[in-house]
Protein chains: 2
Amino acid sequence: MLTDEQQETWFAYMRVVLRLQYEMNRQLQTDSGLSLADYDVLNALADSPGARLQLTDLATRIAWERSRLSHHLKRMSGRGLVERTPSESDRRATDAVLTDAGLSALRAATPGHAALVRRMFFDGLDPAALPVLRAALEAVHEQVLATGTLPRPGQRQHRLPGLQTGG
Amino acid sequence: MLTDEQQETWFAYMRVVLRLQYEMNRQLQTDSGLSLADYDVLNALADSPGARLQLTDLATRIAWERSRLSHHLKRMSGRGLVERTPSESDRRATDAVLTDAGLSALRAATPGHAALVRRMFFDGLDPAALPVLRAALEAVHEQVLATGTLPRPGQRQHRLPGLQTGG
DNA sequence: CCGGAATACATGACATGTCACGTTCCTTGC
DNA sequence: GCAAGGAACGTGACATGTCATGTATTCCGG
């Protein structure tokens, strides 16, 4: 099914993923009181226009089940990191919005997180390999999008409020 | 902290990890009734001499908290996929052993899993990039081992039973 | 060998994630 | 415009993961 070299590459990938996830989780938790899950949410929001994202879009973007996100946002909003506001474009929908406290937490956590990423991921890497690695990861990403079960992120159409032909 | 190219590479990595994890989980769950976590455990055991591994070693190998593994093995043994036997080399220790049913489940799940890996990971990849990708992942792995908080897998020393100088 | 420190694991309480389902609203075809 | 189907989200029940702690065993310095 896979060639030997593919197998070895895959095993190397899985080993990296498992350990890195473990290390990132611990570093964030102990240094910032954020879980990696929290960080992913905050990061996705901070990177979005208006620091705001509809739940389904956010879930798609970070590849979470929507109900997981719903539960998690309830907890995060209890901690003041995000707010949940009814969407203006769709009354069924909810937007998650980054709060000031959430942004501060993200900013406080980022240097330590980035330091870990640099140390564990890039410091051991031949810089000459970087462009190839990047291209490979982007190709894989494209393939996952193309053949996966989730929609592409950021491509869902929302009705824009204020554009209805007036009554 | 990170160069632009490093950042983009890192983001690509995270996007791939998040989506692939989601897709693997779903594929395994629906096609085989195994979670990705189950699969990682079964796989690690099947790959070990005697299909047996002491808990701490197994936890290190798949980068889990030991208590997570303890709970999970209890559930998996309830399903007949593994057994827990007292270790012969250390009476504090427990070995996880793959059962016949566990091996069967692993064998049944593997083709579908491998197909997904091939389709999502390797089919989109320029074969010429494979050696570089593999080397890069192995370099990162080495770096994670070198600077991480977990011991290297498979390097812990166990007292070998039957080698005591007799009484 | 003996006592204190460290290690291996289990467990209970609690945090987090999944699944099935209900409610509300939107959309589509007439 | 209206009914039927679908989409967005929340929730409760349950599966899973984490943390703090307890018990048994081993290790190590003297």
Side-chain angles (χ1 to χ4, degrees), chain A residues 18 21-22 24-30 33-41 53-60 62-79 81-82 84-96 150-151 156-161 164 167, chain B residues 18 21-22 24-30 33-41 53-60 62-79 81-82 84-96 150-151 156-161 164 167:
Chain A
L18 284 169
Q21 186 148 309
Y22 178 93
M24 287 191 291
N25 231 317
R26 284 200 149 279
Q27 184 276 326
L28 280 171
Q29 193 69 66
T30 56
L34 295 177
S35 66
L36 183 53
D38 296 332
Y39 192 86
D40 286 341
V41 168
L53 225 37
Q54 191 175 321
L55 248 67
T56 294
D57 295 329
L58 178 50
T60 299
I62 59 183
W64 284 18
E65 304 281 350
R66 280 184 312 160
S67 78
R68 171 185 181 187
L69 184 58
S70 186
H71 284 302
H72 202 88
L73 286 179
K74 181 159 52 175
R75 295 188 287 260
M76 288 181 75
S77 78
R79 295 194 280 152
L81 298 171
V82 299
R84 294 141 58 94
T85 74
S87 164
E88 301 198 350
S89 61
D90 183 336
R91 277 187 299 166
R92 294 168 301 180
T94 305
D95 286 358
L150 285 173
R156 291 175 354 105
Q157 293 306 328
H158 300 151
R159 184 168 62 85
L160 294 178
Q164 309 91 331
Chain B
L18 284 169
Q21 186 149 307
Y22 179 92
M24 287 191 291
N25 232 318
R26 284 200 150 278
Q27 184 275 326
L28 280 171
Q29 192 69 66
T30 55
L34 295 177
S35 65
L36 183 53
D38 296 331
Y39 192 86
D40 286 341
V41 168
L53 225 37
Q54 191 174 320
L55 248 68
T56 295
D57 294 330
L58 178 50
T60 300
I62 59 184
W64 283 19
E65 305 280 350
R66 278 183 313 162
S67 78
R68 172 184 180 186
L69 183 58
S70 186
H71 283 302
H72 202 87
L73 286 179
K74 182 159 51 175
R75 295 187 287 259
M76 288 181 76
S77 79
R79 294 194 283 151
L81 298 171
V82 299
R84 294 140 58 96
T85 74
S87 164
E88 301 197 350
S89 61
D90 184 335
R91 278 188 299 167
R92 293 168 302 181
T94 305
D95 285 359
L150 284 174
R156 290 177 353 108
Q157 292 306 326
H158 299 149
R159 183 169 62 84
L160 294 179
Q164 310 89 332

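Numbered from 1 within each chain, the chains take letters A, B, ... in sequence-line order. Keep in mind the model is a prediction, meaning the values are calculated, not measured. Computation of the quantities below employed the complete heavy-atom set of this structure, encompassing side-chain atoms and omitting hydrogens, waters and symmetry-equivalent molecules.
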Ring pair (Phe, Tyr, Trp, His ring centres under 6.0 Å) involving A/Tyr39 - partner list, sequence neighbours excluded | A/His113

Kindly calculate the angle separating the two end axes of the helix from C/dC1-D/dG30 to C/dC30-D/dG1, each obtained from five base pairs, and round it to 10 degrees.
-> 40°

Partner residues of A/Ser67 under the side chain to side chain donor-acceptor pair (under 3.5 Å) criterion, sequence neighbours left out | none

Excluding sequence neighbours, so at least two apart, what forms side chain to side chain contact (heavy atoms under 4.5 Å, CB included) with B/Ala59?
-> B/Arg66, B/Leu69

On a heavy-atom basis, the closest approach of A/Arg84 and A/Lys74 is NH1-N, 3.7 Å

Under the side chain to side chain contact (heavy atoms under 4.5 Å, CB included) test, which residues partner A/Thr85, sequence neighbours left out?
-> A/Arg52, A/Glu83, A/Asp95, A/Val97

Along nucleotides 4-12 of chain C, 5' to 3', which nucleotides get a B, which get an S, and which get a -, given that the test is a protein heavy-atom distance under 4.0 Å?
-> ---BBBBBB

Provide the start and end nucleotides, 5' to 3', of the part of DNA chain D that has atoms under 4.0 Å from heavy atoms of chain B.
-> D/dT16 to D/dT26

Sequence neighbours left out, what passes side chain to side chain donor-acceptor pair (under 3.5 Å) with A/Gln29? Give chain and number order.
-> none

Could you list the residues that satisfy salt bridge (Lys or Arg N to Asp or Glu O under 4.0 Å) with A/Asp40, not counting sequence neighbours?
-> none

A/Ser70 meets the side chain to side chain donor-acceptor pair (under 3.5 Å) criterion, sequence neighbours left out, with none

Which residues share a side chain to side chain donor-acceptor pair (under 3.5 Å) with A/Ser35, sequence neighbours left out = A/Asp38

Residues passing the side chain to side chain contact (heavy atoms under 4.5 Å, CB included) test with A/Ala93, sequence neighbours excluded, are A/Gln54, A/Ser87, A/Asp90

